2 protein chains.
Amino acid sequence: MELVGLTAGKLAKAAEVNVETLRYYERRGLLPEPPRKASGYRVYPESAVDRLKFIKGAQVLGFTLEEIQELLEMRLDTKTNRADVRQRATKKVATIQEKIDALEQMKQALEHLVHQCHGSGSSAECPILEAIPTFSGT
Amino acid sequence: MELVGLTAGKLAKAAEVNVETLRYYERRGLLPEPPRKASGYRVYPESAVDRLKFIKGAQVLGFTLEEIQELLEMRLDTKTNRADVRQRATKKVATIQEKIDALEQMKQALEHLVHQCHGSGSSAECPILEAIPTFSGT
DNA sequence: CTTGACCCCGTACCATACTACAGGGTTTAC
DNA sequence: GTAAACCCTGTAGTATGGTACGGGGTCAAG
């Protein structure tokens, strides 16, 4: 029987994650429990692909699964009011901005280094990452 | 005997890390082996504080210790090949830029949501977070 | 109607990045 | 000159985020 939706395997492939990861996320509450067929097989909506990609993307940016869960749960919680959601979203924005700033500094330090060291010849030390270690105070 | 430099405990406190972490980083090669006193006690230079703060900062940005090590080792002295270092630095700049871009998108999506959701009802009708799972598709 | 691909569950194992001992010397402050 | 505070080493344990496996049902094709 073929109704709409994805099987675990299809979803895993589409989102480029391991099948086991789906179950893991489900246990953690990151992926909502999908409906099941009579056989017990999970049937995921197409949107699950985006959700997984979001999770993966956020992870690369240094968010923990717990933080990602917070982001994702903000919209489901009908008990929280808008002001609360707004406040938390705003806070996340600030966190994200801090990360961006730190990355910009890091990037600039590296670019500086690249420019300083374009000569192939002579001697002296090319002062590379001396600049970088100073950014982290934030 | 009190010569210049920091003991493990002082360094750990100054950099806000666990003392054990210092040894761990040393084992991993992230923190160079400092000179020792006759007793065997490590004597760290002040600069170790910055190095540790850099490591901590970079971690928050989603770099693994291995990647951080690469960054830190990228100082070119006379023994390293400049072209090689430049190439690697350029590559790092690109990955950093990717992170920045992803974070910008995330930020914009959240800011958009914050603007959309200005009322005071329940978050269920708040269009904000509907968008989250989809903004990562990029 | 069977066989191979797929799914289920529970549990065990893995890598990364710490963190915590245990057992034993060293320093420093009183 | 002794006790608290600190340092050493090696090794073991923890948390997070998966990943693998065994034992067993399910489904679609031939």
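Keep in mind that this is a model prediction, so the values were computed, not measured. Atoms considered below: every heavy atom in the structure, side chains included; atoms not considered: hydrogens, waters and symmetry mates. Throughout, protein chains are lettered first and strands after them, A, B, ... in sequence-line order, and every chain is numbered starting at 1.
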S.K.: Please state whether the base of dC6(D) and the side chain of Y41(B) form at least one donor-acceptor pair under 3.5 Å?
M.R.: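 When only heavy-atom distances are counted, Y41(B) does reach the base of dC6(D) through a donor-acceptor pair under 3.5 Å.
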S.K.: Would you say E104(B)'s side chain and I100(A)'s backbone share a donor-acceptor pair under 3.5 angstrom?
M.R.: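 Looks like no, no N/O pair under 3.5 Å.
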S.K.: With the side chain of L65(A) defined as its heavy atoms from C-beta on, choose the nearest nucleotide among dT26(D), dT9(D), dG18(D).
M.R.: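 The listed nucleotide nearest to L65(A)'s side chain is dG18(D).
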S.K.: Using a heavy-atom distance cut-off of less than 4.0 Å, which residues of residues 20-34 of chain B contact DNA chain C?
M.R.: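 Heavy-atom contacts with DNA chain C come from E20(B), T21(B), Y24(B), Y25(B), R28(B).
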S.K.: Would you kindly give the CD-to-C1' distance between E67(A) and dA15(D), to the nearest whole Å?
M.R.: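 Answer to the nearest Å: 15 Å.
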S.K.: Given that E66(B) and G40(B) both sit by DNA chain C, which one's nearest nucleotide is further toward the 5' end?
M.R.: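 Here E66(B) is the residue nearer the 5' end.
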S.K.: Are a donor atom and an acceptor atom from the side chains of D101(B) and Q97(B) found within less than 3.5 Å of each other?
M.R.: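 A donor-acceptor contact under 3.5 Å links the two side chains.
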S.K.: Without decimals, in angstroms, what is the distance between N18(A) CG and dC14(C) P?
M.R.: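 Rounded to the whole Å, the gap is 16 Å.
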S.K.: Considering only dG18(D), dT27(C), dC8(C), which nucleotide approaches the side chain of K56(A) most closely?
M.R.: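 Selected nucleotide: dG18(D).
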S.K.: How close or far is atom C1' of dT16(D) from atom CD1 of I55(A), stated in whole angstroms?
M.R.: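 Going from I55(A) (CD1) to dT16(D) (C1'), I get 15 Å.
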S.K.: Answer yes or no: is there a donor N or O on one side and an acceptor on the other, between the side chain of K99(B) and the main chain of L61(B), under 3.5 Å?
M.R.: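 Answer holds: yes.
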S.K.: Measure CD1/I68(A) against P/dT16(D) and give the value in whole Å, please.
M.R.: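 Distance, rounded to whole Å: 14 Å.
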S.K.: Does T7(A) have a side-chain nitrogen or oxygen under 4.0 Å from the phosphate oxygens OP1 or OP2 of dC6(C)?
M.R.: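 The answer is no; no side-chain N or O of T7(A) sits under 4.0 Å from OP1 or OP2.
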S.K.: What nucleotide, of dT27(C), dG17(D), dC7(C), holds the atom closest to the side chain of S39(B)?
M.R.: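 Ranking dT27(C), dG17(D), dC7(C) by closest atom to the S39(B) side chain puts dT27(C) first.
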S.K.: Calculate the interatomic distance between R42(A) atom CZ and dC27(D) atom C1'; express it in whole Å.
M.R.: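 Whole-Å distance recorded here is 17 Å.
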S.K.: What is the separation between atom CZ on R36(A) and atom C1' on dT26(D), rounded to the nearest whole Å?
M.R.: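 Rounded to whole Å, this separation is 14 Å.
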S.K.: Check whether any side-chain nitrogen or oxygen of Q59(A) sits under 4.0 Å from OP1 or OP2 of dG18(D), and answer yes or no.
M.R.: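 Yes, because at least one side-chain N or O of Q59(A) sits under 4.0 Å from OP1 or OP2 of dG18(D).
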S.K.: Please report the distance, rounded to the nearest Å, between CG in L6(B) and P in dC7(D).
M.R.: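 About 11 Å, once rounded to whole Å.
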S.K.: Whole angstrom is fine here: how far is it from NZ in K10(B) over to C1' in dT26(C)?
M.R.: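 Nearest whole value for this atom pair: 14 Å.
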S.K.: Taking NZ, NE, NH1 and NH2 as the nitrogens, is one of them in E26(A) or R23(A) under 4.0 Å from a carboxylate oxygen of the other?
M.R.: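 Not counted as a salt bridge, because no side-chain N and carboxylate O are separated by less than 4.0 Å.
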S.K.: Is a side-chain donor or acceptor of Q105(B) paired with a backbone partner of A102(B) at a separation under 3.5 angstrom?
M.R.: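 No; judged by distance alone, with no hydrogens or angles, the pair does not exist.
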S.K.: For the side-chain contact (heavy atoms from CB on, under 4.5 Å) test, which of L22(B), T7(B), L52(B) pairs with Y44(B)?
M.R.: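 By the side-chain contact (heavy atoms from CB on, under 4.5 Å) criterion, Y44(B) pairs with just one of L22(B), T7(B), L52(B): L22(B).
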S.K.: Flag the pair E16(B) and K56(B) as a salt bridge only when some basic side-chain nitrogen lies within less than 4.0 angstrom of an acidic carboxylate oxygen.
M.R.: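 The answer is no: the pair does not qualify as a salt bridge.
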